[in-house]
Amino acid sequence: MEKETKLYTLIIFSENRAGVLNQVTNVFTRRQVNIESLNASPSGIDGVHRYTITCRADEDAIRTLTLQIEKKIDVIRADYFEKNEIYVMEQALYKIATPALLADKEISKAIRLLGGRIVEVNPAYSIVSKEGLPEEVRGLYDRLQAKGCVLQYVSSGVIAVTKSRREELAEYLQQRDEACRTGR
Amino acid sequence: MQNELLTGAEILMRSLEAEGVDVLFGYPGGAIMPVYDALYDHRDRLHHVLVRHEQGAAHAAEGYARVSGRAGVCLVTSGPGATNTITGIADAMMDSTPIVVISGQVGAQLLGSDAFQECDLVDITQPITKWACQIRRAADVAAAVSRAFYIARTGRPGPVVLDFTKNAQTELAPYVPARVEAIRSYVPEPATPPEALEQAAALIGGAARPLVLVGQGVTLAGAEEELRSFVERLDAPAGCTLLGLSALPTGHPLNMGMLGMHGALALNRKTQECDVLVAVGMRFDDRITGNVATYARQAMKVHFDIDPAEFNKNVRVDLAVPGDCRKTLRAVTELLPQGDHRAWRESFAEAADEERRTVVDPQTHPATGPLRMAEVVRCVADVTGGDAVVVTDVGQNQMFAARYSRFTKPRSFVSSGGMGTMGFGLPAAIGATFGQEGPVVLFVGDGGLQMTVEELGTIMEQSSPVKIVLLNNNYLGNVRQWQALFFHRRYSFTPMLNPDYEKIAEAYGIPATTVTERGSLAEAVALMMRAHGPYLLQVAVMEEDNVLPMCCPGNDVDDMLLTADDDGLQ
Ligand SMILES: Cc1ncc(C[n+]2csc(CCOP(=O)(O)OP(=O)(O)O)c2C)c(N)n1
Ligand SMILES: [Mg+2]
């Protein structure tokens with residue numbers, strides 16, 4: 001019986017220590033869940049790292065997986081979210097051939113219509129930048145690719161913030177710091 | 001005094017002493033020599049046990065930890081010394097055993113250069129440790145050690161690796177004693193929602209046919225008394241996992257024996273009849289559940305555990321009670337009315353009788369034929385009165401020891417559960433002699449003994465009073481049994497050509513005898529237990545004996561073979 005899979009986004013906060021990313025991705029490997037995108041960066045809080053990971057899984061798997069990640073000593077918190085609970089964004093760069101861009105008006109039209117910005121032009125190539133939902137970013141790529149003008153394409157992992165009205169991490173850290181101070 | 005500068009190695013010694021460490025299991029080598037040099041001046045307070053192989057150090061630390069409840073400590077060199085501990089580290093991770101492995105490492109300036117005996121132990125052990133950390137500066141030693149012990153022993157315990165670079169061992173720093181008592185990113189004990197306790201009490205109190213599953217979590221929490229009060233208040237039959245065995249005395253009227261693949265027939269059958277299943281500090285391993293899809297489907301399940309990642313991992317539960325089970329059991333017991341489940345309890349007798357007639361009596365009291373493993377274990381239990389710590393290796397010897405030993409004290413059964421590590425027994429038994437005062441009996445097979453047989457040298461040197469009962473069937477018996485049941489008796493590489501074990505023991509100065517006759521068994525066991533110091537008792541047992549009953553892999557938990565004539569192959 002195949003379980004229903006969905007796209008989930010995990011938001012993970014950890015202490016800024018060597019090897020945490022390895023430990024996090026290792027849990028995915030063991031549970032045989034493929035990571036679709038991964039972003040790691042400093043969070044707004046000093047010394048705290050933030051990981052945003054998207055993957056497809058069934059809810060039982062994602063729940064256990066999230067708890068197994070949170071269990072790592074240096075991981076402060078791990079939570080998983082469905083699409084409607086978060087605001088997501090992706091950034092992409094498209095390097096395209098300038099001669100093609102000049103020869104085919106449809107290309108610059110597509111860039112404009114789909115919200116791309118041309119950030120560099122020289123006789124050999126041009127660079128287009130775009131941010132948006134993952135499917136939008138991919139959409140522009142597909143259009144350009146159909147024109148055969150793409151020299152390079154890169155997209156960042158998805159980044160996401162929760163739509164919750166409470167800033168749970170900040171509250172949680174305050175509570176943990178307090179617990180550490182009082183030794184309880 | 002405050003500003004006195006010490007080497008990192010000396011700081012390590014003082015930090016270990018501050019943690020209350022009194023014994024280390026180790027083996028020296030180039031990258032850990034400064035530590036061994038410092039140890040030379042501390043050898044009166046820190047008793048160092050020189051093992052004969054680093055795997056032995058890790059298992060000995062496990063044995064020490066399992067009987068004492070305190071973290072066992074290993075000290076090894078870099079590279080091969082470090083990698084030799086890996087089996088023990090993985091074993092400790094699976095079985096939630098607190099050990100701290102301190103390994104030497106090349107100097108920080110050489111890291112990543114493939115220097116002599118450099119090996120990235122931290123990365124290798126990350127998935128099989130609770131925490132792994134590299135110490136690169138002498139000033140970090142005290143804090144890292146305290147953190148390591150705090151992590152190893154708190155919450156759900158587990159192994160910790162401290163990889164200690166050579167420069168950090170020799171450099172100077174002030175010794176600032178550290179006492180880690182909390183870590184921001186680590187919550188050892190999850191909060192227990194009060195409503196979970198109330199719901200648990202309501203569910204459990206309302207049960208008509210409750211069944212309690214006792215795991216090692218009870219032992220780890222030191223909750224043996226709380227468990228006992230709980231099952232007595234509930235008046236519910238209880239079964240123990242392999243590692244939960246000594247958490248409830250064998251003779252307790254509510255203790256129905258062991259669960260799982262080679263567990264008690266009555267327990268496994270009743271698992272499919274109970275209406276409320278109460279799991280305490282166990283993780284629904286596949287050796288317990290058999291086919292998970294059909295496991296206790298009819299029952300409401302309540303799971304007490306300190307590790308939230310265990311809830312709904314293997315088996316879906318209706319109610320999770322996170323927290324230290326010493327506290328949660330006590331709280332739930334207080335909310336429970338005195339139960340009376342006499343009819344339900346007594347309904348276990350039918351299957352228990354059937355098992356006694358078909359399996360237990362013929363195996364423990366055979367009138368004729370070769371000696372059986374079961375009767376040897378039973379004989380040892382009779383002689384010790386269940387007073388000894390029983391350590392096992394892995395295989396048939398382990399299952400017979402688990403089924404037929406008697407336990408009267410907490411922390412008196414030591415076995416490799418989750419990993420099933422052959423070679424665990426002998427070094428773990430050595431460790432157990434350092435972790436408590438009482439007698440230690442090891443049951444080991446002819447295969448497993450040879451996996452870490454070099455530790456007889458450690459026994460010789462330490463005069464460790466390990467009573468080794470070698471159950472020699474000239475087979476890798478457990479695998480042979482599976483070949484008999486599932487591979488048409490094709491005994492592919494399981495017959496064992498054995499050496500003369502008495503001579504081996506003799507070479508190490510360990511008294512030894514061999515028993516081949518039923519008539520001389522009891523006397524030989526009594527002699528072994530009376531002897532001072534180590535002893536090897538080899539028993540020539542039936543070669544093709546089978547551990548029964550058996551729930552074959554993947555079968556429903558109540559579908560157990562009672563004789564090996566049943567065809568496991570169907
Ligand atoms: C390190 C290791 N290798 C292989 C196995 C697989 N295995 C499990 S039991 C067993 C046979 C053990 O034979 P022996 O030690 O003679 O014990 P017996 O079953 O005969 O009592 C084997 C090979 C294991 N558990 N551990
Ligand atoms: Mg054998």
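Scope of the values below: all heavy atoms of this structure, side chains included, with no hydrogens, waters or symmetry mates. Chain letters run A, B, ... following the sequence lines, proteins first, then strands; residues in each count from 1.
Taking 4.5 Å as the limit, every side-chain heavy atom of A:Asp79 sits out of range of all side-chain heavy atoms of A:Ile11.
Contacts between A:Val48 and chain B at a heavy-atom distance below 4.5 Å involve the side chain alone, from C-beta outward. Looking at B:Arg147, the atoms closer than 4.5 Å to chain A (heavy atoms on both sides) all sit in the side chain, from C-beta outward. Heavy atoms of A:Gln68 lying under 4.5 Å from chain B belong to its backbone as well as its side chain. The part of A:Asn26 that comes within reach of chain B is its side chain, from C-beta onward, which places non-hydrogen atoms under 4.5 angstrom from that chain.
Annotation: maximal heavy-atom pairing with chain B below 4.5 Å, among A:Leu65, A:Val75, A:Ile73, occurs at A:Ile73. Comparing B:Arg316, B:Glu189, B:Glu310 by heavy-atom pairs within less than 4.5 Å of chain A, the highest count is held by B:Arg316.
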Name each donor-acceptor pair under 3.5 Å that joins a side chain in residues 129-150 of chain A to protein atoms two or more places apart or in another chain, with its distance.
| from | atom 1 | to | atom 2 | distance (Å) |
| --- | --- | --- | --- | --- |
| A:Ser129 | OG | A:Gln91 | NE2 | 3.2 |
| A:Lys130 | NZ | A:Leu114 | O | 2.9 |
| A:Glu136 | OE1 | A:Leu133 | N | 3.1 |

Just list the side-chain donor-acceptor pairs under 3.5 Å for residues 94-107 of chain B, sequence neighbours left out, or say none.
| from | atom 1 | to | atom 2 | distance (Å) |
| --- | --- | --- | --- | --- |
| B:Asp95 | OD1 | B:Gly418 | N | 2.8 |
| B:Asp95 | OD2 | B:Gly417 | N | 2.7 |
| B:Ser96 | OG | B:Arg156 | NE | 2.9 |
| B:Thr97 | OG1 | B:Asp95 | O | 3.3 |
| B:Ser103 | OG | B:Asp163 | OD1 | 2.7 |
| B:Gln105 | NE2 | B:Cys119 | O | 3.0 |
| B:Gln105 | NE2 | B:Asp163 | OD2 | 2.8 |

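Shortest non-hydrogen contact noted between B:Ala143 and B:Val180 is O-CG2, 4.0 Å.
Cation-pi geometry between A:Arg77 and A:Tyr172 is met: the NZ or CZ atom falls under 6.0 Å from the ring centre, inside 45° of the normal.
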